[in-house]
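A quick write-up on the structure given underneath.
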Amino acid sequence: MQTHERMTEPLSEPPSGSTPEMGTAVKKTIAASQTFLLSQQYPEGYWWAELESNVSITAEALLLHKIWGTDKGRNLDKVGTYLRQQQRDHGGWELFYGDGGELSASIEAYMALRLLGVPATDPALTKARSFILDRGGIAKSRVFTKLHLALIGCYSWRGIPSIPAWIMLLPDSYPIYEMSSWARGSTVPLLVVFDKKPVFAVDPLISLDELYTPGTRHNPELPSANDWTDIFLYLDSAFKVAEDLNLVPFRDEGLKAAEQWVLERQEVTGDWGGIIPAMLNSMLCLRCLNYRVDDPVIERGFQALDNFAIETDTTYRMQPCISPVWDTAWVMRACVESGMEPTDPRLVQAGEWLLQKQILDYGDWLVKNPQGQPGGWAFEFDNRFYPDLDDTAVVVMALNRVEIPKDNLRRQAMKRAVDWCASMQCEPGGWGAFDINNDQEWLNWLPYGDLKAMIDPNTEDVTARVLEMLGETGLTMDRRRVDRALAYLQETQCEDGSWFGRWGVNYIYGTSGVLSALALVAPPEFRPALERGANWLAGCQNADGGWGETCLSYNDPIHKGQGDSTASQTAWALIGLLAAGQGTGKWAWDAIDRGVSYLTQTQLADGRWHEDFFTGTGFPCHFYLKYHYYQHYFPLLALGRYQNCRWA
């Protein structure tokens, strides 16, 4: 397969806008950024920064400790300080910075403060209550918020969807393996919780009746959205009748199968799936099955939860996931492409650490991909069952950039990874994050699936990452697979030239990723697509020279490419524009130079960049992330590539 080097012909003189002063500023900025990042490396060789989300994760972890009675052994009183810091002037709590507040997150934060003994008359809760009631109160919240309230008697189980445990016994565990990995890991343990319908006594006892609008406290109902949901509502009514009459078939067998599934998927470190929802729900499941708090399974589970906690002198908060593999690979790429030697001992150590993290066990992906051989990487320290395509591709590109003494091991690991990625290609031609052909859209219409995140179909950004891996490394797949992936990206380009970004916010992220891939692997006939993508990026540059895009672009494309400038999104736009220039020979130098100036001028004295906004995506429209290293390693990568293009 033909590939292209990420270089351009040396320019005889700096083009307009690229002055010697700019060259000096770029070098200084790169050096400061490298110094900062290298100072953050852990002794074992990896990098790892906080992964921030909204307050609901912390509130739900507090609730779990209250249910188990393990709250006294941790400094959970600090959760109250954290929640008060996160409350906004309007009284609510946000999904992402500046969103104006969100109902369900606000209800869960309110619940957590009440569980910490804060009276309803507290001024912070008075403001929160007004915010919540103005938006419809508990009755209008999401299903998972209502679930957590039902666990302590603050909501009726009649308003929670019923999912019979016998679905664990269906052939090939259908539809369990049609769910996304994150939905699967969260749903199987909830089969037990939904069956038992527990109401736990917690200290202090709370009611939250004050968060119901008139007439809704004793009238729980599941929302109807369309004909699909109406069908499922009829089924839910039938399931509830069967439960009331104790006529649920194969109930005990289904519960036993769910319990066994949960036990089998706990890591030695105590994690389940590497994500807090699966971990919390698994611990709830085992609590409903009367496991003891001193059971080794439970002890490991709580240790894993503690590992996700961040405690300061005054606050205690939870991360939804942890990202050491992801962070390490990107730091390595940024450092090498910005001028560090591939033999630098710090990068070599990081590469050797990554090699140790390759997953050679068979995971859940095997169910729908029985011909595949393991070889991927996961996001976290330990996650045997759920390697993902995005991490795998980025790790392979990072390993390709460093020189490790045991070079044969590095090459073998990279080859195994590419072969695994090839086996995971979906029928439309692209790649999803964790599974193959995980695209049963009807699952998103289950009353239980109101986050619309029940599946993991192929996406533009993950597909682009796999293709970029091939172009960067020279490793190959069957040409027909590459052609199918290219056709998929061509079909998914928006009319304005942009591409959607599933795992980063949003069209800036998606467009940058696709341009990076096409510039390396696409044949000449894709040049118009590259030019259109570059034109779109250049067209949404802010007056200050940076780029930004709000998470609201997931709710309405009218917001695409619009938002306050951020370091991470500016870097993505620059990476995309530089790639497009290399792929077409047509350079948007004015936009690029202005973007570079934005980064050099906004860097802090210690080599960092400041960024409030959330630029990572968990579930579009519902759950967002702030990777605390995004504003550091992506600008370094962009500046390194700029330097190579301008003064190669």
Inset, instruction - Enter the distance from D344:CG to Q34:CD here, rounded to the nearest 0.5 Å. - result: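 It is 9.0 Å, given to the nearest 0.5 Å.
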Legend entry - Q541 and R594 side chains, donor-acceptor separation under 3.5 Å: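 There is such a pair (donor and acceptor under 3.5 Å, judged by atom type) between the side chains of R594 and Q541.
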Inset, instruction - Determine whether the side chains of Q303 and N307 contain a donor N or O and an acceptor N or O closer than 3.5 Å. - result: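 Yes, because at least one side-chain N or O of Q303 sits under 3.5 Å from a partner of the opposite role on N307.
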Inset, instruction - Report yes if the distance between the aromatic ring centroids of F634 and W330 is under 6.0 Å, otherwise no. - result: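 Centroid distance F634-W330: below 6.0 Å, so yes.
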Inset, instruction - Measure centre to centre between the rings of F381 and W48, then say whether the value is under 6.0 Å. - result: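 Distance test on ring centres: under 6.0 Å, yes.
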Under 3.5 Å donor-acceptor, [X] side chain and [Y] backbone:
{"X": "T602", "Y": "Y598", "result": "yes"}
{"X": "E472", "Y": "A398", "result": "no"}
{"X": "Q358", "Y": "G376", "result": "no"}
{"X": "T463", "Y": "W431", "result": "yes"}
{"X": "E549", "Y": "H559", "result": "no"}
{"X": "Q603", "Y": "T29", "result": "yes"}
{"X": "D390", "Y": "R465", "result": "no"}

Taking the six-membered ring of [Y] as reference, does the NZ or CZ atom of [X] fall below 6.0 Å from its centre and within a 45° cone about the axis?
{"X": "K626", "Y": "F614", "answer": "no"}
{"X": "R74", "Y": "F302", "answer": "yes"}
{"X": "R646", "Y": "W589", "answer": "yes"}
{"X": "R135", "Y": "F131", "answer": "yes"}

Legend entry - Partners meeting ring pair (Phe, Tyr, Trp, His ring centres under 6.0 Å) with F96 (sequence neighbours left out):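 Only Y624 meet the ring pair (Phe, Tyr, Trp, His ring centres under 6.0 Å) criterion with F96.
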Inset, instruction - Could you tell me whether K27 and E21 have a side-chain N and a carboxylate O separated by less than 4.0 Å? - result: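 Salt bridge between K27 and E21, a charged N being under 4.0 Å from a carboxylate O: no.
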Legend entry - Identified side-chain hydrogen bond (donor to acceptor under 3.5 Å, both in side chains) partner of D122 from the options R84, R129, R114: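 Result for side-chain hydrogen bond (donor to acceptor under 3.5 Å, both in side chains) with D122: R84.
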Legend entry - A350 versus W47, closest heavy-atom pair with distance: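 It is CB-CZ3, 3.7 Å.
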